[in-house]
Amino acid sequence: MRRPAASPRYARHRGFTLIEIAVVIVVLSLLLAMIAGIATAMLGQQRREATRQRLSGAETALALFVSQHQRLPCPANGTLAGTDANAGVEQITLGTPNTCSVGGVAGSQQHGVIPWRALGISEQDVTDGWGNRLTYRVDADFVTAPALNMTFCDPGGTAAATALASPGGYCNSSCSSTTFPGSCTAPSNVTSNQGLEVRNLGGTPIMVPTAVPSTGAAYIVISHGENGAGAYNGVGVLQAASGPDAGTEEAKNAANLALQGYYVDDFPSYPAGAGHFDDFVLRPSILTVATKAQLGPRAH
C-alpha cells in the first residue's frame with residue numbers, strides 16, 4: 001500500500017534533522033573559533049602597544065630625572081611587593097662616586113627594576129602590558145652627578161676625559177674659545193669604553209662600549225614580553241615562562257641576574273626553543289640620554 005503523503009500542516013511543523021543540527025553546530029564552532037582567535041590577537045596587540053607606550057613614558061621620565069640631577073638613577077628592588085614602603089625606591093649608596101646597592105648589596109643591580117618613586121611616576125607606569133615590572137640596568141659610571149652633564153664638551157676638542165668633577169662632569173670645564181681645542185673634551189672621549197653592551201640573537205654586538213666612537217647603552221629597560229620569563233610582577237615574585245620558555249639569549253635579560261656582560265635585543269622570534277625571543281628593549285646611547293635631557297655638548 002502507498003504511504004499517505006504528509007499533510008502541509010505536518011510538513012510545516014517538522015523539526016530539524018540530526019544532520020542539520022550537526023551542520024549548525026559545526027558552523028557555530030568555526031565562528032566561535034574565529035572570534036576567539038581575533039579577540040586573542042587584538043588583546044595581544046593591545047598589550048604590545050601598552051608596553052611600547054610604557055617604555056616611551058619611562059624614557060621620558062628618565063630624561064627628566066637626568067635633566068634635574070645630571071645623572072641616572074639606580075634601580076629599585078624588584079623583589080619587594082608594591083605595598084612595601086621601599087618598593088620603587090632608588091637603591092643607591094651615596095658617595096664619591098655613588099654606587100647602586102639593590103637589596104642592600106654594595107655595587108649590585110641584581111633584581112633591579114625601574115625606580116618609579118625616584119622618577120615621580122606610578123608603579124603602573126613601569127608595568128608592561130602583561131602586568132610585569134620593567135627591568136632596569138644602568139652604567140654605574142653615570143649614577144653620580146654631574147656625570148651626564150656634557151655641556152662643557154666640544155665635538156672639536158682634543159683633550160681626554162677628565163676625572164668626574166663639578167661642574168663639568170667628565171668634560172674639561174675650562175674649555176673656552178681662547179684655549180680651544182686642547183682644553184676641550186670631545187664627547188666621544190667621555191663615552192669611550194663606557195656603556196652597556198647589547199647583542200642580537202646571533203651574538204653579534206650592536207651596541208659596543210669599546211667601539212670608536214663608543215655606542216654603548218647608557219641604560220637598558222626590558223619588558224619580558226608575552227611569556228614574562230625573568231620578570232618581577234607587582235608582588236615581587238619572579239615569573240616563570242607563561243608559554244614558550246625563554247630562549248638561550250633571551251634568558252640573559254632576566255631581572256634576577258646580576259649585571260651581565262651584555263644584554264640582548266632583536267626582532268621577535270616566537271617559535272619555542274633556544275631561539276625564542278619576545279622581549280621589548282629600550283637601549284639609548286649615553287650621548288642620546290644627555291642630549292634628550294638638554295645636557296648635550298655645545299655646538300661647534
Side-chain angles (χ1 to χ4, degrees), residues 35-62 65 73-91 102-103 109-138 219-258 260 263-272 276-284:
I35 292 170
I38 293 170
T40 299
M42 290 179 63
L43 180 59
Q45 181 59 32
Q46 289 174 353
R47 287 173 170 170
R48 287 188 286 272
E49 184 57 33
T51 298
R52 294 186 188 98
Q53 291 177 0
R54 303 278 166 76
L55 287 171
S56 178
E59 184 176 28
T60 299
L62 285 163
F65 183 96
C74 285
N77 187 350
T79 67
L80 301 178
T83 54
D84 192 290
N86 291 314
V89 174
E90 180 186 17
Q91 301 286 291
V102 179
Q109 297 189 43
Q110 189 173 7
H111 313 298
V113 297
I114 289 186
W116 62 87
R117 290 188 181 176
L119 300 181
I121 56 180
S122 71
E123 182 178 4
Q124 184 64 31
D125 292 327
V126 295
T127 301
D128 69 14
W130 293 272
N132 296 314
R133 293 169 175 167
L134 299 176
T135 295
Y136 172 65
R137 297 292 182 271
V138 60
Y219 62 80
I220 306 283
V221 177
I222 303 164
S223 160
H224 297 273
E226 185 172 357
N227 72 353
Y232 284 105
N233 66 8
V235 294
V237 175
L238 186 72
Q239 299 300 287
S242 174
D245 289 338
T248 303
E249 292 299 291
E250 181 183 36
K252 292 182 170 64
N253 289 348
N256 64 315
L257 300 179
Q260 297 291 289
Y263 292 88
V264 180
D265 188 21
D266 211 327
F267 294 105
S269 177
Y270 293 116
H276 182 271
F277 185 84
D278 65 0
D279 290 359
F280 292 72
V281 181
L282 179 63
R283 46 179 178 86

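Worth knowing before you read on, the calculation uses all heavy atoms, side chains too, and leaves out hydrogens, waters and symmetry mates.
Arg137 is listed as a side-chain neighbour of Tyr263, based on a closest heavy-atom distance under 4.5 Å. With contacts defined as side-chain heavy-atom distances shorter than 4.5 Å, the pair Tyr219/Leu282 qualifies. With a 4.5 Å cut-off on side-chain heavy atoms, His224 and Glu250 do not count as touching. Side-chain contact between His111 and Asn77 is present, with heavy atoms from C-beta onward closer than 4.5 Å. Within the 4.5 Å cutoff, no side-chain heavy atoms of Ser242 are placed close to those of Trp130. When side chains are defined from C-beta on, Val126 counts as touching Ile121, because their heavy atoms get closer than 4.5 Å. For the pair Tyr232 and Asn256, the minimum side-chain heavy-atom distance is below 4.5 Å. Side-chain contact check for Tyr136 versus Leu134: every heavy-atom pair is 4.5 Å or farther apart.
When all heavy atoms are compared, the tightest approach of Glu249 to Val264 is O-CG2, 3.4 Å. Between Asp278 and Asn227 the shortest heavy-atom distance is OD2-N, 2.9 Å. Across every non-hydrogen atom of Val281 and Phe277, the tightest pair is CG2-CZ, 4.4 Å. Of all heavy-atom pairs spanning Arg117 and Asn86, the tightest one is NH1-N, 4.3 Å. Nearest heavy atoms, Leu119 versus Pro73: CD2-CG, 4.1 Å. Scanning both residues, Glu90 and Phe65, for their nearest heavy atoms gives OE1-CZ, 4.3 Å.
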Residues 44-52 side chain polar contacts: donor-acceptor under 3.5 Å, at least two apart:
{"from": "Thr51", "atom 1": "OG1", "to": "Arg47", "atom 2": "O", "distance (Å)": "2.8"}
{"from": "Thr51", "atom 1": "OG1", "to": "Gly129", "atom 2": "N", "distance (Å)": "2.9"}

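Taking Glu59 as the reference, Lys292 meet the salt bridge (Lys or Arg N to Asp or Glu O under 4.0 Å) condition, with sequence neighbours excluded.
Judged by distance alone, with hydrogens and angles left aside, the side-chain atoms of Gln109 form no donor-acceptor pair with the main-chain N or O of Pro75 at under 3.5 Å.
Atoms CG and CD1, on Asp125 and Ile114 in that order, are 10.0 Å from each other to the nearest 0.5 Å. Taking CG of Leu80 as the reference point, atom CD of Gln91 lies at 7.0 Å (rounded to 0.5 Å). Taken to the nearest 0.5 Å, the NE2 atom of His276 stands 9.0 Å off from the CG atom of Asp245.
Few gaps surround CD on Gln239; more than 12 heavy atoms of other groups in view lie less than 6.0 Å from it.
Shown are Thr127, Asn253, Thr135, Asp128; of these, the side-chain hydrogen bond (donor to acceptor under 3.5 Å, both in side chains) with Ser223 is made only by Asp128.
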